[in-house]
Every structure is written in C-alpha cells, then in structure tokens.
Amino acid sequence: MSLTRKAYRAAILHSLDDPALVGVQASYQYFADGVLVVEDGRILALGAADEVLPTLPATVEVTHYPDALITPGFIDTHIHFPQTGMVGSYGEQLLDWLNEYTFPCEGQFSDKAHADQVADIFLKELLRNGTTTALVFGSVHPESVDALFEAAEALDLRLIAGKVMMDRNAPDYLTDTAQSSYAQSKALIERWHGKGRLHYAVTPRFAPTSSEAQLTLAGQLLREYPDVYLQTHISENLKEIEWVKALFPERRNYLDVYDHYQLLGERSVLAHGVHLCDEECQRLAETGSAIAFCPTSNLFLGSGLFNLPQAERFKVNVGLGTDVGGGTSFSLLQTLNEAYKVMQLQGEKLNPFKSLYLATLGGARALRLEDRIGTLQPGTDADFVVLDYHATPLLSYRIGQAKTFEEVLFVLMTLGDDRAVLQTYAAGRQVHCRD
Ligand code: GUN
Ligand code: ZN
C-alpha cells in the first residue's frame, strides 16, 4: 500500500483535557503557526511550523491556510437522521411536538429510497458543518439505519447509529414489538457494528415508548454485544418526567428506569438530562454513562436549562448534541453559541476552551473514542476541520478587533456557523470543501 503523506499549515488548536479537571491553561494546545501531518488516514505529526517543516521530505505537499484555524472534527453526540425534514416545526413542546410533527415525518422512512435520499442530505449537512462523528437515532425502520450506514461507509466516516425501539405510546405505523425490535437490532449489529469505522447503538427511544419487555431485551442486547452503544433520552421536559413517574411508579426516579433494565454503562449516552437530581448525577457518574447537552433543542422546545456545573460537580461525562430536528442547527458552533446563553441564564460562564472541549474531546470521551477522535494527537484518525477567519464580513472584522486568541475563539463560536467551515477531512480525505 502506498503511503500518501500530506501536511496542512495553519493556526492549530486542540483540547488535551477537560478545563473543569485541569484548569483552562492546561486544557489545550495551540500553535499560532502549526503543521499537521497526515498519512494513510491517521495523524502522523503535529507541531510548530518551524519545527515540523524541516523534518518533511521535499515531496510532501504542504497546504497553507494563512487565515484559518484547524481543529479536530466536531462530534455531535445526539441527532436524529429522520428528523432532517422537520427542523423548525412550530409551536409545541416535547410530547405534542412528537405527535404532531416528529412521528409523521419518521413514518416516511419505511421507504428505503426516501431513507437513501435523506441519508445523503443528512451526511452532507454534517460535513458542511464540520461534524465528522455523530451518534445518530434512526427511525423504527431498520431500512433507515441501512441507508445511513451505507452512505457513511462510502465516506469512511466514524459514525454510530441505531434503529429506534418503540413498542407503545406511538402510532401503529411507527411501532415495533419487543421481539421484532430485538431481532432487527441484532441483525443490524451483525451487519454493521465494527464494519469500517461504524458502530451500532441500541436505541430505545425513551422510557414512555418502550414496554418492560422491550427494555429488558435492550439490556439483553448490551450483554450479548458488550461493545455496542446505548442511546436514549432522559429528563428533557417536565410533562415527560411526570409521565415516566406514572408509567414506572416503582422506580426511584427517571434514571432508575434505565438502571433497572441494565441500560447504563460506559457506552450509554442519554440526551438532555435537563431536570436531573443529584442522585441521578451520582449514578450517571458511577456507571460511566454520559449526557448529551443539546442547548438549541432545549431552548426551541422550551424544555429548560441544562445544569452543566451540576454535571461537572459529579464528574458526569458530557458531550454536545444538536438534537436536530428538536434542535435548530446542524452547526456545533451555533450549538456552542446557544450553550453559552444557557449558562448565562444560570449566572454561569462557558469558557471558550471548555466549549472547544465539549465539541471535540468531551464528545469523544462520552463515546469512549478518545483514543481515535476528538484531538489531533499523532496516531489518531485524521478527522479535522479548517475554519475560515474571513467567512463573513462581520466575522472577519470582529476577529480583526480581537486582542487575544481566546477572544478569536469565542467570536468564532458566537458568530460562526457552516459558513466558517472551509474544509472538512475524514480519515485524511477531504469530504467537504465550501468553495
Ligand atoms: N424524546 C423522545 N423522542 C424524542 C425526540 O425525537 N426528540 C427529542 N428532543 N426528545 C425526544
Ligand atoms: Zn433527541
């Protein structure tokens, strides 16, 4: 096999650790003039240009971006592929929004041709927003997950997805049964898990739409396949929480429902967690489960404000999620913009280096993939983005006013969106070019 070595010169930034654990200064590495060397889909070297360039053979092509920032590709720890066509649906909070807009839209994914078409749109949208890995909900139809994995495999993306398991409290056209959901999930695991850079996630939608038999079988799948993921929703909306109490009166709290069916663990990612109590945070931390913080969704659906300091206090792993179509943007930069405001409304600050962490290494840790993605450490997958400081006239002018790199980063996360993503690379291959 031929080794294709390439180098990229720009300002380069990546996280080294969580600022909540090591402090801001020790949490990142920044090269004002850096070089990233890539070979055969992996990162070979990273360093200051004046140190790395002299080590490169003259044959290595160096692409120079004088006014751009290279960071790791963004990681979206919660998004719904079959909700692409209903982003921005008006007027309702969670439970009515599901019935009125979400379920009819997901119903269309029994048609494989439709799923193929949307998979293409969905992955293009991820990549043009700089997202190189996502943890994705399919619809209840296994065809939806086949469509998504087929498209992701063609691009050699690191992607995690699963078919929704949902056997009650949803329309007939959108429900499976405990047995069929088990059998279909198992077949998808056998077909896709570990193929290329793809992984499978067992996906009970949320406690109200699964019977006890279905939750039991979801737990059984996790025991049969210990390295697959579990994704679901938790404590997003107050009416939802009341409903879970009524459906599972014998459980201590919402999290205890999932705990009871042995669905918690190091590869479990629960979306939202807006209204968790301390006991639930404690248990999330003990089991190594992660929360996907989805600010645009939590604001759009009027769900509430995620308490990040509480999660930090209990050392719960937290990643960032767009939650499209409850969320309103595929852009993790825009998601960070809203995350900042969610913290402001609680009298808290979100440091830009913490934001970087949430969108990259924090997501990788939530997914237990930090040895492969989320940083630019040599040996990891060459998944990275090139962010353009001059993407818009305002961004360009505002960055020109900035006095520190921290200010540049914050402005990028406040004003930036898909327009700021000049190029996206996955496994060393360019998978998006804006211009
Ligand atoms: N809870 C159960 N299903 C969903 C969903 O599709 N979106 C959101 N935001 N919350 C949910
Ligand atoms: Zn969701």
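Just follow the structure's listing: the first ligand is 1, and inside any ligand the first atom is 1. The model shown is predicted, which means the values in this text are computed figures rather than measured ones.
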Quick one: look at [X] and ligand 1, take heavy-atom pairs under 4.0 Å, and tell me if it's side chain, backbone, both or neither.
X: Thr209; result: neither
X: Glu240; result: neither
X: Trp97; result: side chain

Quiz item: Mind checking whether Phe405 and Phe353 have parallel, tilted or perpendicular rings, split at 30° and 60°?
Solution: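 It falls in the tilted class, 30° to 60°.
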Self-check item: Aromatic plane relationship, Tyr254 with Tyr258 - under 30° parallel, 30 to 60° tilted, over 60° perpendicular
Solution: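 Tilted, since the angle between the ring planes falls between 30° and 60°.
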Determine whether the side chains of [X] and [Y] contain a donor N or O and an acceptor N or O closer than 3.5 Å.
X: Tyr173; Y: Glu106; answer: no
X: Arg365; Y: Tyr357; answer: yes
X: Gln184; Y: Asp176; answer: no
X: Ser268; Y: Tyr229; answer: no
X: Thr322; Y: Asp76; answer: yes

Quiz prompt | Member of Arg434, Arg128, Lys124 meeting the salt bridge (Lys or Arg N to Asp or Glu O under 4.0 Å) criterion with Asp418 | solution = Arg128
Exercise. Look at atom 10 (N) of ligand 1 and say which protein heavy atom is nearest, naming residue and atom and giving the distance to 0.1 Å.
Key: Glu236 OE1, 2.7 Å
Quiz item: To the nearest 0.1 Å, how far is atom 6 (O) of ligand 1 from its closest protein heavy atom, and which atom is that?
Solution: Arg205 NH2, 2.7 Å
Quiz item: Can you find a non-hydrogen atom of His272 under 4.0 Å from ligand 1?
Solution: yes
Self-check item: Within-2.8 Å protein N/O/S contacts of the Zn ion (ligand 2)
Solution: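 Listed by chain and number, the atoms are His78 NE2, His80 NE2, His233 NE2, Asp323 OD1.
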Quiz prompt | Contact summary for Asn169 and Pro208, nearest pair of heavy atoms | solution =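 For Asn169 versus Pro208, the nearest heavy atoms are ND2-O, 2.7 Å.
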Self-check item: Gln83 neighbourhood, listing ligand 1 atoms whose heavy-atom distance to it stays under 4.0 Å
Solution: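 Checking each atom against Gln83, I get 5 (C), 6 (O).
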Self-check item: Separation of Phe206 CZ from His272 NE2 (nearest 0.5 Å)
Solution: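 Between His272 NE2 and Phe206 CZ, I get 10.0 Å after rounding to 0.5 Å.
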Quiz item: Is Glu106 in polar range of ligand 1, meaning some N or O pair under 3.5 Å apart?
Solution: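 N/O-N/O distance below 3.5 Å does not exist for this pair.
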Quiz item: Short N/O distance, under 3.5 Å, between Asp323 and ligand 1?
Solution: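 It does: an N or O of Asp323 is found under 3.5 Å from an N or O of ligand 1.
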